[in-house]
Amino acid sequence: MSSTAIPSWPPSLTQSQTDSLLSAATDYALSHGLVYRPLPPPPTSSSSSSSSPSPPTDSVIHAPFSLVPSPIPRKLFERARSIQPIYDLLYSSIATDHQFLEAVIGGSVAKVDEFQAELWKIYQQVHDEGSEQKLHLGLFRSDYLMHQEEGGQGKGEVGLKQVEFNTISSSFGPLCTKVNELHRHLALTTSFYNAGKGVLDQSNLPQNEALRILSDGLAAGHKAYLSQTGLQGCSINSGATHTHLPYVLFVVQEGERNAFDQRFLEYELLNRHGIRAIRLTFQELAIRARLSQEGSEEASQILYVSHPSYDEPLEISLVYFRAGYGPGDYPTKREWETRLMLERSFAIKCPTVALQLAGAKKVQQVLSEEGILEKLLLQAGRYKEEVVAADGKEGQAVERKFVEAEVEEVRESFTDLYPMDDSQLGRKALKLAMESSEGFVLKPQREGGGNNIYRQDIPVALRKMEEQDLTSSSGKQGAGDGSEVKRREGYILMSLIKPPRGIGNILIKSGGSGGQADVQGSKPSRWIVSKDVVSELGIYGYSLFRPETDEKDGRVRVLKEESGGFLLRTKGRESDEGGVAVGFSVIDSPVLV
Ligand code: ADP
Ligand code: MG
Ligand code: MG
């Protein structure tokens, strides 16, 4: 994926223009729910050290956002959107391919990574039991950075490279929809916003469909469950008896500051689809959730949850995880038991454990190996049948051809990815990581930001892992089957993507969002003029799918898939990581150039 030059950015604004825009923007943000819960109060010496303090629930601050949209070449934006359906199919195919998951997760990272090992155990148990619920729902986000080769004569073309593909808790769609509306509002209501010579015209600001698409995905899962249970077409809008309709369950984190991003999905489900949802944490579910055939081997087990707002337990159609993607969500065995119970239930899971595992960074690396994409896309029915002449007679033989262009487009979005095992490629990767670490990031199988190891820290981390391998009893990890798996095998090595330089923006953070030394302006909103920002573009999609047959041949049947809607997150180049929730970046939206 490549394109042409990007204009100088942002358009220059005077101090008073910036102040006026800032005031309009923060008011818009607060009055349209572009908000977070404030930071929790700092712990006092008398507060208990066992539980971290929760944020106040009676006030909000605006989420961090950019004052102007950031430029993205139109061609790259459209390309990212056009390949999303292929990615959706690809990951649907992976989640239904037992052999693939066994080789890539069970036989590899689950042996050295405790978190992956726990997920793998649940996957195996449910797979062996053979759940009656064959459907999986994925709400996906594929993330990209612009890439420009440096050095040599002049600069190279700008392309787009994939950072990662998220299969669980893909967040910020609703809030980014709000930022997009904010930028469109500013473009309509301020003339000097357009100092960018017409670039900031509304026609160059693509409308964000993320909120609609993500809520439609959840609704598709819920409606599929209703059909399975003979309730098709029923909703609270269709006059169906109120109390006995199933609910969607949002599994959330305790003290979630980004709760409103989730709430908007809940409200869309109710307003547009007549579907009700409840929110509970793993800790609450441990007490409140049960299966209809508790303790039995019965395959079809309805999930019931009691909720303080209702007299009777509620039947759950769909479990939507906005928690459970990292070890911090499972402080004790109890949370793992709860996850297993949810997974074993007849409710549809978004995502299933299989789909969560499919989103592992290790899978991303394996996809870049030869022939893998073709195999998985074939399983997803992504080939065309062509009648070809055989022995001079027309229409005799049918040749199955890949939609080669699709494979190529997906492959072009990959950056260099390496395993950290003892294969030939793994040994090459180790050498690169030790000797040329400046060009790489080392990634564990983790989600949620803040886990990666960058540049010169890589050799240090690898040496430490090697020492641990040597000192731990027998130098082997977890497998217990005599195979020697080194700690580094739980990681992948990825070449660093190099976003083009010289694009700036004005990043706005609420005064209540935590201290930052180089922030200008005064409370309540503070802004940073950054002359060199990096924007990460995410494209959303959903897929409702099941294995084609009971035979374990990996073929997948996609019942419903839709993609579109975006997230743009922008940060100063100096920060390696880009998570909004962890405070490094702001929510942005693209202006197409
Ligand atoms: P997570 O699942 O924790 O979000 P990511 O793979 O998205 O993990 O990495 C976190 C952040 O690190 C990204 O948002 C991006 O800013 C940065 N990053 C990750 N991979 C690369 C890469 N290959 N090149 C440059 N930056 C990267
Ligand atoms: Mg990420
Ligand atoms: Mg991720």
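Residues: numbered from 1 along the sequence shown. We count ligands from 1, going down the list as the structure has it; atoms in each ligand are counted the same way.
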Numbering as shown, the atoms of ligand 1 that approach [X] to under 4.0 Å (heavy-atom distance):
X      : answer
Arg446 : 2 (O)
Gly449 : 1 (P), 3 (O), 4 (O)
Glu536 : 13 (C), 14 (O), 15 (C), 16 (O)
Lys571 : 16 (O)
Lys361 : 1 (P), 2 (O), 6 (O), 8 (O)

(request) Report the member of Asp143, Leu145, Ile497, Ile492 with the shortest heavy-atom distance to atom 26 (N) of ligand 1. (result) Leu145
(message) Yes or no: does Ser585 have any heavy atom under 4.0 Å from an atom of ligand 1?
(response) no
(message) At a cut-off of 2.8 Å, what protein N/O/S atoms sit near the Mg ion (ligand 2)?
(response) Glu164 OE2
(message) Checking Glu335 now: which residues fulfil salt bridge (Lys or Arg N to Asp or Glu O under 4.0 Å) with it, not counting sequence neighbours?
(response) none
(message) If the condition is ring pair (Phe, Tyr, Trp, His ring centres under 6.0 Å), which residues does Tyr87 pass it with, not counting sequence neighbours?
(response) Phe165
(message) Please check this pair: side chain of Gln364 against backbone of Val163, looking for a donor-acceptor N/O pair closer than 3.5 Å.
(response) yes
(request) Would you confirm whether Asn166, through its side chain, and Ile168, through its main-chain N or O, come within 3.5 Å as a donor-acceptor pair? (result) no
(message) For Phe140 together with Tyr540, are the ring centres under 6.0 Å from each other?
(response) no
Using a plain distance cutoff, I'd like to know if [X] has any nitrogen or oxygen under 3.5 Å from a nitrogen or oxygen of ligand 1.
X      : result
Lys443 : yes
Asn451 : no
Gly450 : no
Thr415 : no

Carboxylate-amine/guanidinium proximity below 4.0 Å for [X] and [Y]:
X      : Y      : answer
Lys486 : Asp469 : no
Glu489 : Lys111 : no
Glu370 : Arg411 : no
Glu209 : Arg81  : no
Asp261 : Arg263 : no

(message) Among residues at least two apart in sequence or on other chains, which ones pass side-chain contact (heavy atoms from CB on, under 4.5 Å) with Arg463?
(response) Met434, Pro459
Backbone, side chain, both or neither: what part of [X] comes under 4.0 angstrom of ligand 1, heavy atoms only?
X      : result
Arg569 : neither
Met494 : side chain
Lys161 : neither
Tyr325 : neither
Val441 : side chain

(request) Using a 4.5 Å cut-off on heavy atoms from C-beta on, say whether the side chain of Val533 contacts that of Trp9. (result) no
(request) Could you go through the ring pair (Phe, Tyr, Trp, His ring centres under 6.0 Å) check for Phe566 and Phe77 one step at a time? (result) CA-CA 10 Å; Phe566 52 79; Phe77 181 76; 5.6 Å; yes
(message) As a test of understanding, state which of Asp97, Thr96, Leu89, Leu376 forms a side chain to side chain contact (heavy atoms under 4.5 Å, CB included) with Val556.
(response) Thr96
